[in-house]
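In each ligand, atom 1 is the first atom listed, and ligand 1 is the first ligand listed. All values reported here derive from a predicted model rather than from experimental measurement. Excluded from the calculations below are hydrogen atoms, water molecules and symmetry mates; all remaining heavy atoms, backbone and side chain alike, are included.
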Amino acid sequence: MSDKKVTKNYHPATLAVRAGQQRTAEQEHSEPIFATSSFVFDSAAQAAARFSDQEKGNVYSRFTNPTVRFFEERLAEMEGAESCVATSSGMSAILALCLATLKAGDHVLCSDGLFGSTKLMFANILSKYDISFDFVDLNDFDAWQASIRGNTQFVYLETPTNPLTEMVDIRELTTLVKKANPETLVVVDNCFATPALQRPLELGADVIIHSATKYIDGQGRCVGGAVVGDAELVGKKVFGILRSAGMTMSPFNAWVFLKGLETLSIRMEKSCQNAQALAEFLQKKAGVNKVHYPGLVDHPQHHLIGGQMSLGGAVVAFEVDGGKQKAWEVIDATELYSITANLGDTRSTITHPATTTHGRLSQEQRDKAGINDSLIRIAVGLEDIRDLTADLHI
Ligand SMILES: *Cc1c(COP(=O)(O)O)cnc(C)c1O
């Protein structure tokens with residue numbers, strides 16, 4: 001089992017198709033799916049050595065599996081990280097990180113506009129274990145500074161946010177956090193940007209969370225996730241949680257994600273191109289009051305495009321004149337878009353956040369988050385842009 005060692009000198013697009021593969025003696029070109037729950041040993045002594053970690057190697061697929069490892073190594077290299085641990089979903093990646101880093105009495109500081117399930121898991125589930133969570137506006141640097149405590153184990157944020165595409169300067173925020181408490185880790189959910197557009201570790205972040213379900217798969221087939229970071233925290237501590245608690249990625253899903261990574265950068269480029277064109281089209285359209293897209297020059301964090309994040313992303317949100325009724329009419333009049341809250345697919349999706357993804361929030365919480373009844377979110381896929389614009393009757 002050997003292959004040419006891929007080094008970190010390659011660019012992400014090269015690593016996406018070359019990193020992480022280890023060929024077997026069969027000399028296969030594409031990565032095999034190791035559909036096996038356990039592994040055999042040459043002798044009782046070898047079994048003992050593997051179980052006690054004195055010898056490296058596979059034991060059981062809850063611990064390690066070659067196909068899963070190929071995916072982990074490929075994603076780690078693309079993010080410029082030492083380690084990656086693949087998980088059964090994006091949510092279990094976040095849970096594994098929490099179990100590895102938090103104990104009763106600890107504090108976590110989060111940005112406000114987090115993915116709904118993340119916020120619910122923090123506020124409703126983990127808070128039962130005497131861990132406290134505070135939420136601050138993504139760009140309110142005074143609030144970040146004032147809210148970091150001695151027991152703040154990590155800050156947690158998404159950039160860009162869903163659905164309003166707000167961004168934050170990761171480097172600036174990381175500097176502030178480390179000044180307030182050098183022990184506090186900076187965790188970035190990089191699901192919306194992916195390493196094809198943004199690499200948070202280079203900007204000072206400590207840990208990256210992924211929902212592989214979205215752009216990494218890219219074709220809406222499998223649920224999975226990953227924690228990415230250094231060898232000590234991710235390779236040892238997070239891996240230790242997974243090994244015992246078992247939120248492991250299946251080899252089949254890992255194989256689908258491996259194939260997804262190979263086309264990630266060209267898919268992201270095309271989706272971003274389509275999203276940019278769609279945002280510019282909507283901005284000129286009568287009946288549209290506001291368009292939220294980082295690639296537009298009037299976006300408040302537009303200056304981060306081309307630097308922190310290479311392109312504007314594939315999510316566009318816009319507000320129509322006429323409230324909820326008009327928003328629903330626009331959605332229902334589409335023939336091409338899929339009416340679904342999922343995103344990161346080849347197929348463009350359209351959704352009304354106020355009554356779906358953010359429907360469980362109170363009116364006051366929605367107002368605070370800027371999710372009004374006129375808002376429509378489009379996650380742009382790979383269709384021809386002429387068909388995507390023609391399908392919107394506003
Ligand atoms: C979907 C999503 C998650 C959760 O991932 P699952 O794979 O659905 O568990 C976390 N963060 C963001 C930003 C997401 O979009």
Side-chain angles (χ1 to χ4, degrees), residues 68 71 75 79 84-99 108 110-126 133 135 138 154-168 170 187-198 200 205 207-228 238 242 245-250 252-254 256-257 260-261 264 268 271 275 292 294 309 313-317 340-345 349 351 353 356-358 360 369 371 377-381:
V68 176
F71 168 73
L75 183 57
E79 288 285 14
C84 168
V85 168
T87 56
S88 55
S89 68
M91 291 316 300
S92 62
I94 303 169
L95 179 61
L97 176 71
C98 290
L99 293 175
V108 175
C110 311
S111 62
D112 232 337
L114 291 185
F115 180 66
S117 297
T118 307
K119 205 163 178 177
L120 287 178
M121 181 168 76
F122 286 166
N124 296 352
I125 300 176
L126 291 166
F133 293 87
F135 297 88
L138 186 61
F154 60 81
V155 302
Y156 191 97
L157 61 115
E158 294 169 16
T159 176
T161 62
N162 176 25
L164 292 176
T165 72
E166 189 183 352
M167 297 175 68
V168 72
I170 297 173
V187 183
V188 177
D189 181 331
N190 204 27
C191 169
F192 268 52
T194 83
L197 305 183
Q198 171 173 281
V207 181
I208 294 168
I209 293 290
H210 274 293
S211 167
T213 316
K214 312 293 165 52
Y215 295 102
I216 290 179
D217 176 334
Q219 295 174 59
R221 298 161 295 191
C222 291
V223 174
V227 187
V228 184
V238 176
L242 229 75
M247 55 282 258
T248 322
M249 179 180 282
S250 85
F252 176 79
N253 287 3
V256 170
F257 296 137
L261 283 177
L264 179 66
M268 289 311 286
S271 288
H292 304 265
M309 185 161 152
V315 173
V316 178
T340 170
N342 195 26
L343 58 90
D345 205 309
T349 66
T351 187
T356 59
T357 50
H358 294 69
R360 280 187 289 178
I371 314 287
R377 186 198 74 186
I378 292 178
V380 186

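Evaluation of the side-chain hydrogen bond (donor to acceptor under 3.5 Å, both in side chains) rule for T213 yields S211 as partners, not counting sequence neighbours. Applying the side-chain contact (heavy atoms from CB on, under 4.5 Å) rule to A205 yields the partners I170, V186, V188, P200; only residues at least two apart in sequence or on another chain are considered. Taking the side-chain hydrogen bond (donor to acceptor under 3.5 Å, both in side chains) definition, one finds that K214 meets it with nothing, sequence neighbours left out.
In this pair, F71 and F257 present their aromatic rings tilted. The plane angle is within the 30 to 60° band.
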N/O pairs closer than 3.5 Å, ligand 1 and protein:
residue, atom, partner, partner atom, Å
ligand 1, 5 (O), S211, OG, 3.0
ligand 1, 7 (O), G90, N, 2.9
ligand 1, 7 (O), S211, OG, 2.9
ligand 1, 7 (O), T213, OG1, 2.6
ligand 1, 9 (O), G90, N, 3.0
ligand 1, 9 (O), M91, N, 2.9
ligand 1, 11 (N), D189, OD2, 2.6
ligand 1, 15 (O), K214, NZ, 2.6

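Using modelled atom types and a 3.5 Å distance limit, the side chains of E158 and N190 yield no donor-acceptor pair. With no hydrogens or angles considered, a side-chain donor-acceptor pair links R377 and N162 at under 3.5 Å.
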